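Remarks on the structure that follows.
Keep in mind it's a predicted model, so treat the numbers as computed, not measured. Along the sequence shown, residues carry numbers from 1. First listed ligand is number 1; within each ligand, the first listed atom is number 1.
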Amino acid sequence: MNGLTAALLVWTLISPSGGGHRGGGEIWPTHVACRNEGLEVFYQSCDSLQDFGFSVDQCSKKLQPHLSIRFGIILREDIRELFLDVLLLTKGASVLSLSYPICEDDLPKFSFCGRRKGEQVYYAGPVDNSSFDVPEGEYQVLLKLYNENRSTVACANVTVIAS
Ligand SMILES: *[C@@H]1O[C@H](CO)[C@@H](O)[C@H](O)[C@H]1NC(C)=O
Ligand SMILES: *[C@@H]1O[C@H](CO)[C@@H](O)[C@H](O)[C@H]1NC(C)=O
Ligand SMILES: *[C@@H]1O[C@H](CO)[C@@H](O)[C@H](O)[C@H]1NC(C)=O
């Protein structure tokens, strides 16, 4: 793991939008997860309590089978179990809705499974295995991570622009 990247991620986590008060209705800055010729991915935390760091190592319209991501967050809940809901929209209409288990009690797929509230998670590594081409267009993706009590761990709205 690259120490500088980790430091930057932590900095992103704890220093949101140029000072000012935290509190209700926080609008987090838009971050670039990856940007390359033909593909741009932006995201914004939709959790009013915190922001998080995320990036994709290879940015290509041809999604690679071994996609590497980096993800850093301070946990606001225990994650003995962790689930991800994905909702894909084009032009405001929902086209795909998926739910993945990430940490299960008897099947902790990642080293961070089981971490406790208040701990920092930094993950850099592979996530998925399917390779496909992203068709041209603009997409909205809503992501939500939650634990077994359905308490939000992280939430993001993502814009993907493939040209
Ligand atoms: C996230 O959603 C807000 C409100 O709908 C929107 O203004 C913003 O552009 C979105 N950000 C991204 C990166 O998609
Ligand atoms: C879920 O809720 C139960 C009952 O309130 C509690 O005992 C348990 O610790 C919670 N689990 C997590 C991961 O927060
Ligand atoms: C990807 O698939 C290969 C076999 O097709 C498998 O060996 C590998 O473990 C998979 N990697 C991940 C991250 O799922």
I74 backbone acceptor or donor facing Q50 side chain under 3.5 Å: yes
Mutual orientation of the aromatic rings belonging to F71 and F54 [parallel < 30°, tilted 30-60°, perpendicular > 60°]: perpendicular
Which segment of D78 sits under 4.0 Å of ligand 2 when only heavy atoms are counted: both
Whether W28 side chain and D47 backbone form a donor-acceptor pair below 3.5 Å: yes
Stepwise side chain to side chain contact (heavy atoms under 4.5 Å, CB included) test for L75 and Q120: CA-CA 6 Å; L75 293 176; Q120 188 195 316; over 6 Å; no
Where C113 and K109 come nearest, the two heavy atoms and their spacing: SG-N, 4.0 Å
Main-chain N/O of S99 paired to D85 side chain as donor or acceptor, under 3.5 Å: no
Numbering as shown, the atoms of ligand 2 that approach N147 to under 4.0 Å (heavy-atom distance): 12 (C), 13 (C), 14 (O)
Check: N149 N/O within less than 3.5 Å of ligand 2 N/O: yes
Hphob cluster co-occupancy, Y146 + V121, side-chain heavy atoms under 4.5 angstrom: no
At less than 3.5 Å, what protein N or O atoms come close to the N or O atoms of ligand 1? Include the distances to 0.1 Å.
unit_1, atom_1, unit_2, atom_2, d
ligand 1, 2 (O), N157, ND2, 2.1
ligand 1, 11 (N), Q44, OE1, 2.9
ligand 1, 11 (N), N157, ND2, 3.3
ligand 1, 14 (O), T159, OG1, 2.5

Donor-acceptor contact present, side-chain E40 to main-chain I161, <3.5 Å: no
Any E148 heavy atom less than 4.0 Å to ligand 2: yes
